[in-house]
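Given the structure is predicted, the values throughout are model-derived calculations rather than measurements.
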Amino acid sequence: MSPHLIVTDLDGTLLGADHALAGVTIDTFRTLAARGHRIVLASGRHYRDILAFRDQLGIEAHIISTNGAYTHAPDDALLDARPLPAALTRALIRLPRADRVRLNLYHGDEWLIDAAAPELLALHAHTGFGYRVADLNALDGEGVGKVLYIGEPEALGVLEGEIRRLAGESLHITYSLENSLEIMATGVNKGTALNALLAQLDIPVERCLAFGDNLNDIEMLELAGEAHVLANAHPALMDAVPDAMRIGSHDQAAVARHLMERFAL
């Protein structure tokens, strides 16, 4: 069988509700990798955060991180980097926002935040990756892959409108969760990063299987020859990618179970 490229989101897709990998998922991906299939982990998470899951899988895998701003090879070599323009980052940092909205930056090897928010660390309990509280206004804006606002959806909706009026054409704006508004440079998304990687590996899109659950997965799912949407997905995702196959829930290890059937494992 010709090798396929299997690309999957993490939270709400490959990971269960506890943000952990199920045993069947680990076993399935090790078997697929041993048979020569290429594995890609594609997430809005920081690269350093994703590394822990690749280590748990125990396989060689490419990593598309920060919603496509960075692509790393299995040996950790940086293949592509598309950070935000510094001037736009500075403008986003200074944009007025509600007190209850936390401003986060994925900057270099760090996750920076404007004030402590311990509740956010639960998502990263299995990786140990955490934020550093910093004076974000003091930054020069260089080397930021993503600006992330976390807060109540209503407050984020107001903020999104302001951002689109400020520089909508110069930014890629999406959500990874309903309370997570994510801003990257224009043209930066999981789909563009995946397209570049497929070309580099000389794998046609027809042999690409993609799995996702939220709005930041749209471009990746639209590109893949075989697109799959989880049962727990954002309601608008299936409308955005109507040809995608609907599979089970992330909390039932649906990605692994579908792959077991698809490749007769």
When you measure from the side chain of D114 to the backbone of L103, do you find a donor-acceptor pair of N or O atoms at a distance under 3.5 Å? yes
For the CG atom on D99, are there more than 12 heavy atoms of other groups (residues, nucleotides or ligands in this structure) within a distance under 6.0 Å? no
With a 4.5 Å limit on heavy-atom distance, are the side chains of I163 and V147 in contact? no
Would a 4.5 Å heavy-atom cut-off, applied to side chains only, mark R100 and E152 as touching? yes
Any side-chain heavy-atom pair from R132 and I113 closer than 4.5 angstrom? no
Contact between R257 and V24 at the side-chain level, heavy atoms closer than 4.5 Å - yes or no? yes
Any chance you could measure I26, atom CD1, to Q56, atom CD, to the nearest 0.5 Å? 6.0 Å
Does the T28 side chain pair with the main chain of T25, one donor and one acceptor, at a distance under 3.5 Å? no
Salt bridge flag under 4.0 Å for residues E162 and R97: no
Does Y131 have its ring centroid less than 6.0 Å away from the ring centroid of H124? no
Counting only heavy atoms from other residues, nucleotides and ligands, does the tally under 6.0 Å from CG of D202 exceed 12? no
Hey, does L209 have a side-chain heavy atom less than 4.5 Å from the side chain of L5? no
P153 backbone acceptor or donor facing N179 side chain under 3.5 Å: no
Which atoms form the tightest heavy-atom contact between E169 and T186, and what is the distance? O-OG1, 3.5 Å
Would you say E178 has more than 12 foreign heavy atoms packed within less than 6.0 Å of its CD? no
Output for pair (L159 CG, L166 CG), nearest 0.5 Å, gives 10.0 Å
Check: R207 side chain, P3 main-chain N or O, donor-acceptor pair, under 3.5 Å: yes
Does the D49 side chain pair with the main chain of R45, one donor and one acceptor, at a distance under 3.5 Å? no
Could you grab the distance from atom CG of D213 to atom CE of M238, nearest 0.5 Å is fine? 12.0 Å
Could you check H37 against F263 for ring pair (Phe, Tyr, Trp, His ring centres under 6.0 Å), going step by step and ending with a plain yes or no? CA-CA 10 Å; H37 298 294; F263 291 101; 4.7 Å; yes
Is a side-chain N or O of K146 found less than 3.5 angstrom from the main chain of M184, in a donor-acceptor match? no
Side-chain donor-acceptor pair under 3.5 Å between H72 and H62, yes or no? no
Only one of T66, T71, D76 passes side chain to side chain donor-acceptor pair (under 3.5 Å) with Y47; say which it is. D76
What do you reckon, is CD of E222 surrounded by more than 12 foreign heavy atoms closer than 6.0 Å? yes
Given 3.5 Å as the limit, does a donor-acceptor pair link the side chain of R90 with the main chain of D140, or not? yes
Has D109 got a side-chain atom pairing as donor or acceptor with H107's backbone, closer than 3.5 angstrom? no
Quick check against the 3.5 Å criterion: does D217 have a side-chain atom that pairs as donor or acceptor with the backbone of N214? yes
Can you find a heavy atom in the side chain of Y70 that is under 4.5 Å from one in the side chain of R82? no
CG-CZ distance between L259 and R262, expressed to the nearest 0.5 angstrom: 9.0 Å
Please confirm whether the backbone N or O of W111 pairs with a side-chain atom of N104, one donor and one acceptor, at under 3.5 Å? no
Using a 4.5 Å cut-off on heavy atoms from C-beta on, say whether the side chain of L136 contacts that of L105. yes
Judged by modelled atom types alone, do E182 and S176 share a side-chain donor-acceptor pair under 3.5 Å? yes
Less than 6.0 Å separating the ring centroids of H234 and Y175? no
Are more than 12 heavy atoms, taken from residues, nucleotides or ligands other than E119, located less than 6.0 Å from that residue's CD atom? yes
Of the options N67, D9, N195, which is the one that meets K190 in a side chain to side chain donor-acceptor pair (under 3.5 Å)? D9
Answer yes if the ring centres of H126 and H19 are under 6.0 angstrom apart, and no otherwise. no
Side chains of H172 and I183 in contact at under 4.5 Å (non-hydrogen atoms): no
